[in-house]
Amino acid sequence: MKKAALHNLGCKVNSYETDAMTQLLEQAGYMIVPFGEQADVYIINTCSVTNMADRKSRQMLHRAKKMNPEAVVVACGCYAQTSTQKAMKDPAIDIVVGNNRKKDIVSILEEYFLKHEKKESETFLEDYVIDINNTSEYEDLEIATVTEHTRAHLKIQDGCNNFCSYCIIPYARGRIRSRNFDNIKKELIRLAGNGFKEVVFTGINLGCYDYDNKKLIDVIEMADTIEGIERIRLGSIDPEVITENFVQRLSKVKKICPHFHLSMQSGCDKTLKAMNRHYTCGEYFNKCNIIRKYFDDPAFTTDVIVGFPGESDEDYVESREFVKKVGFAELHVFKYSRRNGTAAAKMKCQVDEMEKTKRSDDLIKVGMYLTQAYRKRKIGIKVPVLFEEKTEINGKEYWVGHTKDYIKTALATEEDLQGKIAEVTLKDFLNNEIMLATC
């Protein structure tokens, strides 16, 4: 029995695919071991969203080869897709597997071992990286269980057609493709049967789901009927998906979580245009108001890039003030990172790193203030929490989980709450990240 160790880098879509490959290997008779242990096969599902992500991917591949020089090291995913030739020349890497070929991981390894047993010397790495930009096939990967205990991320869409000026992902993931609607339903039933109460729909551009005239809202409404699934949460969605009809239908879904990660990137129209984002701040704000019309005090979260090429001090202030206007429940702040192969990398007026850091630090403080303000409004309210794990905080044990609007919550109790949903009252702040609850 060969031992395999897998390591995931990057987004929730990557995480889902890593879980799926893990289960394919288990079914094929591999023993799955932690990544830090000796293994016969190391599989790294790489990320390529930034130059730093590329570097981390290479470092992890080299670390695997050092752990066992005799092991087969497999580079999977986005770095393998966008930097195929570089990966093939790397002595630490034995096999390169691009996107849309992860479902074949078992047969790829079988072919590799067979060729080496026959001492065939020819390289065959090219066979496992397809032209991702010229495929309409959705890669059907499935899971029955996941690395998290209570929440399952379920990939239903791949690819992106937006070509934002800072982003390499369309070149790594290809054009938009959607998963078979009936296959999604079957997986939901499987996950519910294995005890998962919450499902998070994910995709590279989730709002673009479109299979046989079924849209994202149809998937959500179908999931609402699955017995055992008690919560439905959405991954990141672009503002374009938010329409009066979509939100009106969404508000009738009993299991939906009022937590919306609404992609923004900047609160300045000039910067949004330079990013090739297809909306204005005014349109974005109107989308938030549509959601607020149907949901009581929903949690809005988003990502904001600071220091994009050409962003002046005035542009940054405009973006910061728009963030305050929306009133996000949580803010993820990123300094612009130059990504080779994108339009933004060639733009003039690149912002100084010290200035990026200054703006980032400032916006993080704004985000922390907004988070505290949102959570203060919830104090004294009775809410259901899905408890996930027991954790020691400041020398005391708590059960920790999340509310439907994704507030991390801790409850001190002797009762075993693993995987259970319990009604609690939010009482106070335990620390900057967690709220304290009482029964």
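These figures come from a predicted structure and were not determined experimentally.
Rounding to the nearest 0.5 angstrom, the gap separating the CD1 atom in I220 from the CD1 atom in I256 is 5.0 Å.
Within the 6.0 Å centre-distance limit, the rings of H332 and H261 are counted as a close aromatic pair. Separation of the Y209 and F201 ring centroids does not fall under the 6.0 Å cut-off. Between Y406 and H259, the gap from one ring centroid to the other is short of 6.0 Å.
In this structure, the side chain of N286 does not engage the main chain of E283 through any donor-acceptor pair within 3.5 Å. Formation of a donor-acceptor pair under 3.5 Å by the N14 side chain with backbone atoms of C11 is not found in this model. Judged purely by atom type and a 3.5 angstrom limit, T150 has no side-chain atom pairing as donor or acceptor with the backbone of G419. No side-chain donor-acceptor contact under 3.5 Å links S48 to the backbone of D54. Using modelled atom types, one side-chain atom of T225 and one backbone atom of M222 make a donor-acceptor pair closer than 3.5 Å. Put simply, the side chain of T357 gets close to the backbone of E353: a donor and an acceptor are under 3.5 Å apart.
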Item to complete: Begin with the C-alpha distance, continue with both residues' side-chain angles, and end with the deciding distance and a verdict on ring pair (Phe, Tyr, Trp, His ring centres under 6.0 Å) for Y374 and F328.
Response: CA-CA 8 Å; Y374 181 78; F328 290 101; over 10 Å; no
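Y336 pairs by the ring pair (Phe, Tyr, Trp, His ring centres under 6.0 Å) definition with F308, not counting sequence neighbours.
Closest approach of L141 and E187 over heavy atoms only: O-OE1, 4.0 Å.
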